[in-house]
Amino acid sequence: MSAETAQAPAATPFERVGGHAAMRAITDRFYDLMDQDPAFAELRAIHAADLSEMREQLPLFLAGWAGGPRDWFEANPGKCMMSAHGGIPITSDTAGQWADAMTRAIAEVEVADREIAEAMADVLGRMAKGMARG
Ligand code: HEM
């Protein structure tokens, strides 16, 4: 392709959804829901009492996963999110709660591109359900 016909690279899902601010807003809403809504009590119970580290790590993971800055992946070389959850007792109920909380969080926060945000919720929900072993 000549220089004249070369196109700018397509925006990543990370950029389209609204960058770090959107990832942080989604994560904060997700853990607020987990903390406050009894529908997610079972999911909340398997997490640590203090979610502040998770509020730092999840947006960084989501950023790299969605094609943005890869800080989380560089800090955790070779770490696979599916196997990182291998020691956690995830049932179809709690995986469903994770997927529901993420879907609601994404629906409730302001994002730059609703369509890509919903696609993200869908794929994350499938990943969560894929982690269930009971
Ligand atoms: C796409 C799905 C998921 C993603 C992207 C995700 C992401 C993460 C991240 C980034 C961490 C921080 C630990 C680390 O950096 O290694 C973590 C930890 C954890 N995740 Fe997930 N997770 C997912 C699904 C689930 C599901 C379905 C459950 C339970 C039903 C779950 C329960 C936990 C627990 C209990 C921890 C340990 C944190 C603590 O001790 O509080 N995760 N997850």
Side-chain angles (χ1 to χ4, degrees):
M1 197 186 284
S2 74
E4 286 86 329
T5 54
Q7 295 185 348
T12 61
F14 170 79
E15 288 162 340
R16 287 175 61 192
V17 87
H20 277 303
M23 295 307 180
R24 193 158 285 280
I26 291 168
T27 305
D28 278 338
R29 185 68 192 132
F30 175 74
Y31 288 118
D32 287 349
L33 283 167
M34 209 199 270
D35 258 342
Q36 293 159 13
D37 190 324
F40 307 121
E42 205 188 339
L43 176 64
R44 179 67 188 87
I46 60 175
H47 282 78
D50 181 359
L51 293 175
S52 50
E53 190 53 31
M54 295 290 296
R55 286 181 191 260
E56 293 302 317
Q57 296 304 317
L58 186 56
L60 294 177
F61 169 81
L62 290 176
W65 175 78
R70 297 187 54 80
D71 304 57
W72 187 92
F73 290 85
E74 277 155 22
N76 297 279
K79 187 162 177 173
C80 158
M81 198 37 81
M82 299 300 282
S83 31
H85 286 74
I88 301 170
I90 302 179
T91 63
S92 54
D93 277 357
T94 50
Q97 288 176 23
W98 197 105
D100 289 350
M102 183 53 77
T103 302
R104 268 183 61 190
I106 288 178
E108 288 173 16
V109 304
E110 212 164 294
V111 291
D113 178 333
R114 182 55 56 199
E115 194 185 343
I116 196 78
E118 280 172 11
M120 246 179 71
D122 184 47
V123 178
L124 286 167
R126 287 167 201 250
M127 276 170 65
K129 287 174 185 167
M131 291 175 185
R133 286 173 304 277

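Both ligands and their constituent atoms are indexed starting at 1 by order of listing. All values reported here derive from a predicted model rather than from experimental measurement.
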Ignoring hydrogens and angles, tell me if any N or O in the side chain of [X] forms a donor-acceptor pair with the backbone of [Y] under 3.5 Å.
X	Y	result
Arg133	Ile88	yes
Arg70	Ala75	no
Glu15	Thr12	yes

Under a 4.0 Å threshold between the charged nitrogen and the carboxylate oxygen, would Asp28 count as salt-bridged to Arg24?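 A salt bridge is absent here (no side-chain N lies under 4.0 Å from a carboxylate O).
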
Please determine, by modelled atom types, if Thr91 and Asp93 share a side-chain donor-acceptor pair under 3.5 angstrom. no

N/O pairs closer than 3.5 Å, ligand 1 and protein:
unit_1: ligand 1; atom_1: 15 (O); unit_2: Trp72; atom_2: NE1; d: 3.4
unit_1: ligand 1; atom_1: 16 (O); unit_2: Lys79; atom_2: NZ; d: 2.5
unit_1: ligand 1; atom_1: 20 (N); unit_2: His85; atom_2: NE2; d: 2.8
unit_1: ligand 1; atom_1: 22 (N); unit_2: His85; atom_2: NE2; d: 2.9
unit_1: ligand 1; atom_1: 41 (O); unit_2: Ala48; atom_2: N; d: 2.8
unit_1: ligand 1; atom_1: 42 (N); unit_2: His85; atom_2: NE2; d: 2.9
unit_1: ligand 1; atom_1: 43 (N); unit_2: His85; atom_2: NE2; d: 2.8

Could you work out, with salt bridge (Lys or Arg N to Asp or Glu O under 4.0 Å) as the rule, every residue matching Asp37, not counting sequence neighbours? Arg104

